[in-house]
Amino acid sequence: SMQGSRTISIGSKDFTEQEIVGNMMADLIEDRTDISVNRRLNLGGTQVCFGALKNGDIDLYVEYSGTAYTDTLKHPPISDMDKVYETVKDELKDIYNIDVLKQMNFNNTYVLAVTQETADKYGFETISDFAKKAGSMTSGLTFEFTNREDGLSGIQKTYGFQIGQNITLDNAPRYSALQKGDVDVIDAYATDGLLKKFNLRSLKDDQKFFPPYYAMPIIRGEALEQYPEIPAILEELNPLLTDEVMGELNYKVDELQQSPEEVAHEFLKEHGLIS
Ligand code: PBE
């Protein structure tokens, strides 16, 4: 943003939670300040969003600690939440002049999910249980999961399996493919509304492969210098947005067909964060 223009561009990835939280941040900044907000939501995946931030096409979006740690900074996944956060905070600042704000209270981890029927049929409780049968299974995985080190390749190495077959699917279609029996397992996101709707079984990550994925706003250094009031405003969301609350908000969009704008706005009003 040019000096003096008092505008901030907020981006988001292309899934429901990202659009909800992006709208919440936009609403809060518009309510509390004279900064005008350019909503550039639903941009694409992690690399698209991070690239846009790096280039200055956007100023702010919500990333997840483990995603920055593994996918952006190329570290092998670890489970220490503080170490992941501190490393990401230091390295994004040093390498890219991007400031990492405080972590929010929800951890949107990847989970491997199967139907209750599949879980009962094969006795699947953990990913280790699944690994023994993986060679005869078909997965329906998102493009990112298929291509990330904290995704398919890493989990196969850690648990020592090779999936029989994989079909790459988008966010919503993977749930219907699982329901129809076209695939046996999907990479769900822990806060997905559809995980609850379809009453799926999340396989326990018994080898602790996945890193923590706490949501955290990340902002260009220049934008933070220009608008130092922003972190305190966004932090008002932190005590409110838990895993459970995020799951309910995502459900309102993915199942009840409300818009992300509306869900964000209503939530902020209900909690007295905007008038
Ligand atoms: N996640 C799970 C992914 C998608 C959902 C938060 C780790 C990510 O956007 O990085």
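Note that the numbering runs from 1 along the sequence shown for the chain. The structure displayed is predicted, hence computed values, not measured ones. Remember, it's 1-based here, ligands and their atoms both numbered in the order they're listed.
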May I ask you to decide if the ring planes of [X] and [Y] are parallel, tilted or perpendicular, using 30° and 60° as cut-offs?
| X | Y | value |
| --- | --- | --- |
| His75 | Tyr69 | tilted |
| Phe145 | Phe210 | tilted |
| Phe124 | Tyr122 | parallel |

* Applying the salt bridge (Lys or Arg N to Asp or Glu O under 4.0 Å) test to Arg174, which of Asp192, Asp184, Asp182 qualifies? ->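 With Arg174 as partner, salt bridge (Lys or Arg N to Asp or Glu O under 4.0 Å) holds for just one option, Asp192.
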* **Heavy-atom side-chain contact between Leu273 and Arg32 under 4.5 Å** =>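 With C-beta onward as the side chain, the pair touches.
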Which pairs of donor and acceptor atoms, one on a side chain in residues 244-251, lie under 3.5 Å apart (sequence neighbours left out)?
from   : atom 1 : to     : atom 2 : distance (Å)
Asn250 : OD1    : Glu17  : N      : 3.3
Asn250 : ND2    : Glu17  : OE1    : 3.3
Asn250 : ND2    : Thr191 : O      : 2.8
Asn250 : ND2    : Met246 : O      : 3.2

Give one line per pair: atom of ligand 1, protein atom, distance. Only N/O to N/O under 3.5 Å.
from     : atom 1 : to     : atom 2 : distance (Å)
ligand 1 : 9 (O)  : Lys13  : NZ     : 2.9
ligand 1 : 10 (O) : Lys13  : NZ     : 3.3
ligand 1 : 10 (O) : Thr67  : OG1    : 2.6
ligand 1 : 10 (O) : Arg148 : NH1    : 3.1

